[in-house]
Protein chains: 2
Amino acid sequence: MANFDQYRVNSKKFSFKNHNPNDKSERSKTKEQDSIELTQLATEINALQDILHAEGKRKVLLILQGMDASGKDGTVRHVFRECDPLGIRLASFKTPSSEELAHDYLWRVHQVAPKGGELVIFNRSHYEDVLIVKVHDWIDDVECERRYAQINDFERLLAETGTIIIKCFLNISKEEQKARMQERLADPTKTWKFNPGDLKERELWPQYMQAYEQAIKATSTDYAPWYVIPADSKTNRNLLISRLLLDALKNMKLKYPPVPADYKNIVVKD
Amino acid sequence: MANFDQYRVNSKKFSFKNHNPNDKSERSKTKEQDSIELTQLATEINALQDILHAEGKRKVLLILQGMDASGKDGTVRHVFRECDPLGIRLASFKTPSSEELAHDYLWRVHQVAPKGGELVIFNRSHYEDVLIVKVHDWIDDVECERRYAQINDFERLLAETGTIIIKCFLNISKEEQKARMQERLADPTKTWKFNPGDLKERELWPQYMQAYEQAIKATSTDYAPWYVIPADSKTNRNLLISRLLLDALKNMKLKYPPVPADYKNIVVKD
């Protein structure tokens, strides 16, 4: 079992310097063993998600952030491969619509937050509103600091009303992004994911890393911690996020609702 | 390959009398063969759903209706077991909220209709508004007829704006429902799905069948046909719905978006 402390962000002393994107320490010695392990983890996650759904009270929110091609889609595909859409929901945040922009930036996020019994995955999130907008200087430092506090308040509300929150930054190296982008361009079944604008954002890599470092430092809380996931290795990433999620689900001590005593006498009539 | 005509409702002469809930003709001779087939179908559905998502234009809507314990959840679980939440979305319709009731009955449905690239499953649907309300006489025949026409118009809108619609009635026998309800009561991991009110609805079985027969007859159209799925056998049900859906996806002739010519010269810089 992983020691999650090494990935969990302790606000005060966080720096990307202490996190190696190419760390593979979650992996075992063989691909076969990793593959078996991933299937087992996915099966256990599915079993517990079914109880979460049956319980219908508490909520789980997994937030995935990362640079382009850092593996957000792939994480969803692999970690939840044994789950069905009955208890799992994905919310993807793209460029906001004019309707969404007319509201505050947390409005669209709040609308798709998990309800009782749901496990919701955010593919990108309200963190874009302290990242892309910061990197492009669409907001200044004062506004950015105000947003960190607003985000912490918002997440505290979710946590205090029954939501377990896990935030994962998929940490890839700039070299790995290059390889994955080039791979997308070479594979016609993946090229649709490529956007020429992504190359412009790639040029802003150091600015993004700085914005991420600041945001993560400011918003890793007890009730909504950030984990920096070494993600150059897809297997390492999938194993770690699966383990993190499974650990969180196990800690919830989920149980099927008790069967009312009088149910045992019910006979369904013809 | 199934001949879907025998399940497809031809409005004028439709009667449940010609549909046997215990028909197992989709099944092969062995469980093993059926299991392999189901996995193959699920894998193919997943592959085409990925292209639908990549294309991002057309939409697919699968509507599941049926009596309590007819297997709506089980269908979702099995037919989509190889799919991940990236391209699939489930919308479940429960008792309407006061907000929903303050709008017309199609309002909440329209909000969760599929967008470009999505495959959406409706677990129950706007058909509840010509079923439960009809059986309990909350609407009269005139209003019910008006709703059939409104539903046909609404579905035509969806179809004409790029949605492939498949409507499945999961046809179980009253005996099979009894067995499944009793099973739910006996299994603590399933009892949460049981609601004592379901027994009351069960007593109205003939009224429900009549309401279904009328509704299906009135709303099976070229652009949004109804299929009556023999569903006493779960395997038969899963095989048939998988085949129907796969056939519809194949008929869409889905293709990954063409790669822009200038992409081949792009080199991602360090």
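So you know, we letter chains A, B, ... as the sequences are listed, proteins then strands, and number each from 1.
- Scanning all heavy atoms of the two residues, the minimum distance from A:Lys178 to B:Asp270 falls at NZ-OD1, 2.6 Å.
- In this structure, chain A has a heavy atom under 4.5 Å from the side chain of B:Arg202, while its backbone stays farther away.
- Interface remark: A:Leu86 contributes backbone and side-chain atoms alike to the contact with chain B (heavy atom separation under 4.5 Å).
- Interface summary for chain A: among B:Glu175, B:Lys174, B:Met181, B:Lys269, the most heavy-atom pairs under 4.5 angstrom belong to B:Lys269.
- Between A:Ile121 and B:Pro85, the shortest heavy-atom contact is CD1-CG, 4.4 Å.
- B:Trp192 contributes atom CH2, which lies 4.0 Å from atom NE2 of A:His53 (distance to the nearest 0.5 angstrom).
- Taking all atoms of both residues into account, the shortest heavy-atom contact from A:Gln182 to B:Val268 is OE1-N, 2.8 Å.
- Residue with the most contacts toward chain A among B:Asp73, B:Asn123, B:Asp50: B:Asp73 (heavy-atom pairs, distance under 4.5 Å).
- When B:Thr189, B:Asp198, B:Val267 are compared by the number of non-hydrogen pairs under 4.5 Å with chain A, B:Thr189 comes out ahead.
- Here the shortest heavy-atom pairing between B:Tyr263 and A:Leu185 reads CD2-CD2, 3.7 Å.
- Within a 6.0 Å sphere centred on NZ of B:Lys57, heavy atoms belonging to other residues, nucleotides or ligands number 12 at most.
- A 4.5 Å side-chain heavy-atom check between B:Leu199 and A:Ile266 finds at least one atom pair inside the cut-off.
- None of A:Arg77, A:Arg81, A:Arg89 except one satisfies the salt bridge (charged side-chain N to carboxylate O under 4.0 Å, His left out) rule with B:Asp84; the exception is A:Arg77.
- For chain A, the nearby parts of B:Pro196 are the backbone and the side chain; heavy atoms of each come within less than 4.5 Å.
- Here CD of B:Glu82 is found 8.0 Å from CD of A:Glu82. Values are rounded to the nearest 0.5 Å.
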